[in-house]
Participant: 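There's a structure below that I have some questions on.
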Amino acid sequence: MKINTTKTELKRKRVFGEFFTPLDIFKNFILPEIKAEMRKYIWVDLFAGEGNLILPILEIIPSCEREEFFKRHIFLFDVQETVVGKARQNAMEYGISYELAERNITLRDTIENYPDFLLHKDLPVYHITNPPYLYLGYIVKNEETRKYLKYFKNENEGFQDLYQLAMMNDLRNDIERMIYIIPSNFLFGSSVSNYIRDEFLKFYNIDRAVIFEREIFRHTGTNVVICFFSRKTNIGHNIMTFDGLKINRDISERKYRLDPANHYRAGSDFDNFVEKFRAGKCLNVKYYLTMDEVKNNTGNIKIKVLDANNFNGKSYDTIIIGVNEFLYKKIKSNILFART
């Protein structure tokens, strides 16, 4: 019975593209960036689930002020009645009355019916969300998700995922500040993400990003990024740079440079390097050293290499190969043989 329940739950999550955000993700990576601006914005999540990306804001609001703060500053929406009920219950645990929780946490399909009444309030909207991830290819192939095809018509034709439609809805409604938890393919993907980056990053800068190179959701292997977006003052295509925090077994920082010539795809510096020299036909570069090439150039010179076909859970295995002088010189001279 437990197995069937798990399968049913996973199927439901897949149908809704629903993967709730762990509380520690919000508290560790988002709250420190926004807590100085609590009273400047209306804090909104259009795909709120149980409220984990907005409700913890109340922890830094004095208890005696939470009801009034919630009334003016917090609005949550979701398409599922059960999770709306759970979000309301969570709000009440922070001291919010049921009547107010019911008023400001509502059932709504915000992809089809954007809550534009928020745009007429006295404070600007700051949207923090983990929108549904559901790829168009999956939607087409599965009967229970084909109902979402209606979203991809007219002005949304050409986009590839529900999360991309959420982003474009914010763009069309002139939202100035957003934080999105979205699949890493937004930054690093090619065909699935070129169009959304070209359309979206004409209007928005990425101020910073947190890039998870490990799983953070229980029921999906999709790796995600947290992107902090702000509306450009000068709309147009331009090279942008931002600082990224990479989270794996260790935490590291690096600066990313996105070029509109490459559809703003992160990690395209290697391609730029190759294309620059390929035009002059003075450089021949391959991404990987293959076993076939090693077998065709065996010899007595020993080299330690990474075996990209064998990952032991922590790192790639290393092996010792014997090569001739020709291949040895080729390996030593090609500093970009291995591409991450």
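The shown structure was predicted, so the numbers you read here are calculated from the model rather than taken from an experiment.
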Participant: Say whether, by atom type as modelled, one donor and one acceptor occur between the side chain of Glu253 and the main chain of Asp243 under 3.5 angstrom.
Facilitator: no

Participant: Is it the case that one hydrophobic cluster holds both Leu258 and Ile239, taking links as side-chain heavy atoms less than 4.5 Å apart, direct or via other members?
Facilitator: no

Participant: Please determine which of Asn130, Thr110, Thr129 meets the side chain to side chain donor-acceptor pair (under 3.5 Å) test together with Asp45.
Facilitator: Thr129

Participant: Check whether any side-chain heavy atom of Met38 lies under 4.5 Å from a side-chain heavy atom of His73, and answer yes or no.
Facilitator: no

Participant: Would a 4.5 Å heavy-atom cut-off, applied to side chains only, mark Ile181 and Ile128 as touching?
Facilitator: no

Participant: Do side-chain atoms of Gln164 reach the backbone of Gly158 as a donor and acceptor pair under 3.5 angstrom?
Facilitator: no

Participant: Does a side-chain heavy-atom distance below 4.5 Å link Leu31 with Ile60?
Facilitator: yes

Participant: Using a 3.5 Å distance criterion without hydrogens, assess whether the side chain of Asn297 forms a donor-acceptor pair with backbone atoms of Asn324.
Facilitator: no

Participant: Roughly how far, to the nearest 0.5 Å, is CD1 of Ile74 from CZ of Phe69?
Facilitator: 5.0 Å

Participant: So, Tyr114 and Asp170: side-chain donor and acceptor under 3.5 Å apart, yes or no?
Facilitator: yes

Participant: Does atom CD of Glu176 have more than 12 heavy-atom neighbours from other groups under 6.0 Å away?
Facilitator: no

Participant: What closest approach, in Å, do Asp161 and Pro132 show between heavy atoms, and which atom pair accounts for it?
Facilitator: OD1-O, 3.9 Å

Participant: Members other than Tyr98 in its cluster, when Ile, Leu, Val, Met, Phe, Trp, Tyr link by side-chain heavy atoms under 4.5 Å?
Facilitator: Met92

Participant: Considering residues at least two apart in sequence or located in another chain, which fulfil the ring-ring contact (aromatic ring centres under 6.0 Å, His included) criterion with Tyr264?
Facilitator: His237

Participant: Any side-chain heavy atom of Arg231 sitting closer than 4.5 Å to one from Leu171?
Facilitator: yes

Participant: Mark yes or no for whether Asn223, through its side chain, and Ser184, through its backbone, hold a donor-acceptor pair below 3.5 Å.
Facilitator: no

Participant: Taking atom CD1 of Ile301 and atom OH of Tyr328, what is their separation to the nearest 0.5 Å?
Facilitator: 6.5 Å

Participant: Nearest 0.5 angstrom please: Ile25 CD1 to Ile30 CD1, how far?
Facilitator: 8.0 Å

Participant: Is there side-chain contact between Leu76 and Asp78, with heavy atoms separated by less than 4.5 Å?
Facilitator: no

Participant: Test the Arg208-Phe228 pair against the cation-pi criterion, namely NZ or CZ under 6.0 angstrom from the six-membered ring centroid and within 45° of the ring axis.
Facilitator: yes

Participant: Determine, for Glu325 against Lys329, whether the closest basic-nitrogen to carboxylate-oxygen distance falls under 4.0 angstrom.
Facilitator: yes

Participant: Would you kindly say whether Tyr148 and Asn142 are connected by a side-chain donor-acceptor distance under 3.5 Å?
Facilitator: no

Participant: Do the non-hydrogen side-chain atoms of Lys330 and Glu293 ever get within less than 4.5 Å of each other?
Facilitator: yes

Participant: Looking only at the side chains, is there a donor atom on one of Asp207 and Ser230 sitting less than 3.5 Å from an acceptor on the other?
Facilitator: yes

Participant: Is it the case that the ring center of Tyr180 lies less than 6.0 angstrom away from the ring center of Phe200?
Facilitator: no

Participant: Applying side chain to side chain contact (heavy atoms under 4.5 Å, CB included) to Met167 and Tyr204, what does each step give before you reach the verdict?
Facilitator: CA-CA 11 Å; Met167 295 172 68; Tyr204 287 90; over 6 Å; no

Participant: Report yes or no: do Tyr94 and Arg66 form a side-chain donor-acceptor pair below 3.5 Å?
Facilitator: no

Participant: Tell me the closest heavy-atom pair linking Lys232 and Lys202, and the distance in Å.
Facilitator: CD-O, 3.4 Å

Participant: Please say whether more than 12 non-hydrogen atoms of neighbouring residues, nucleotides or ligands are located less than 6.0 Å from CG in Asn300.
Facilitator: no

Participant: For side chain to side chain contact (heavy atoms under 4.5 Å, CB included), just list the numbers for Tyr41 and Leu123, CA-CA rounded to whole Å, side-chain angles, deciding distance to a tenth of an Å, and then say yes or no.
Facilitator: CA-CA 5 Å; Tyr41 293 96; Leu123 292 173; 5.8 Å; no

Participant: Enumerate the residue pairs fulfilling salt bridge (Lys or Arg N to Asp or Glu O under 4.0 Å) with a member in residues 89-118, sequence neighbours excluded, ordered by first and then second residue.
Facilitator: Glu112-Lys150

Participant: Is the count of non-hydrogen atoms from other residues, nucleotides or ligands lying under 6.0 Å from Asn234 atom CG greater than 12?
Facilitator: no

Participant: For the OH atom of Tyr256 and the CZ atom of Arg265, what is their distance to the nearest 0.5 Å?
Facilitator: 12.5 Å

Participant: If you define the side chain from C-beta out and look only at heavy atoms, does anything of Gln160 sit under 4.5 Å from Ile196?
Facilitator: no

Participant: Quick check: closest heavy atoms across Asn185 and Ser193, and the distance to 0.1 Å?
Facilitator: O-OG, 2.5 Å

Participant: Taking atom CG of Leu46 and atom NE2 of His127, what is their separation to the nearest 0.5 Å?
Facilitator: 3.5 Å

Participant: Should we say atom CZ of Phe29 is surrounded by more than 12 heavy atoms from elsewhere, each under 6.0 Å from it?
Facilitator: yes

Participant: Side-chain contact, heavy-atom cut-off 4.5 Å: Tyr126 with Ile179?
Facilitator: yes

Participant: Would Glu213 and Asp250 satisfy side chain to side chain contact (heavy atoms under 4.5 Å, CB included), going step by step from the backbone distance to the final call?
Facilitator: CA-CA 10 Å; Glu213 297 180 331; Asp250 302 311; over 6 Å; no

Participant: Applying side chain to side chain contact (heavy atoms under 4.5 Å, CB included) to Val224 and Ile226, what does each step give before you reach the verdict?
Facilitator: CA-CA 7 Å; Val224 299; Ile226 305 176; 5.7 Å; no

Participant: Hey, could you give me the CG/CE distance between Asp259 and Met240, rounded to the nearest 0.5 Å?
Facilitator: 10.5 Å

Participant: Determine, using the 4.5 Å side-chain heavy-atom cutoff (strictly less than), whether Ile320 and Val323 are members of one ILVMFWY cluster.
Facilitator: no

Participant: What pair of heavy atoms forms the shortest contact from Tyr138 to Glu144, and how long is it?
Facilitator: OH-OE2, 4.1 Å

Participant: Considering non-hydrogen atoms only, spot the tightest contact between Arg72 and Ile42 and give its length.
Facilitator: O-CG1, 3.9 Å

Participant: Could you tell me if the ring centre of Phe159 sits under 6.0 Å from that of Tyr195?
Facilitator: yes

Participant: Side-chain heavy atoms under 4.5 angstrom apart, residues restricted to Ile, Leu, Val, Met, Phe, Trp, Tyr: same cluster for Ile235 and Ile175?
Facilitator: yes

Participant: Tell me if a side-chain donor or acceptor on His263 pairs with a main-chain N or O of Arg197 at a distance below 3.5 Å.
Facilitator: no

Participant: If every non-hydrogen atom of Ile96 is compared with every non-hydrogen atom of Ala101, which pair is closest and at what distance?
Facilitator: CG2-N, 4.0 Å

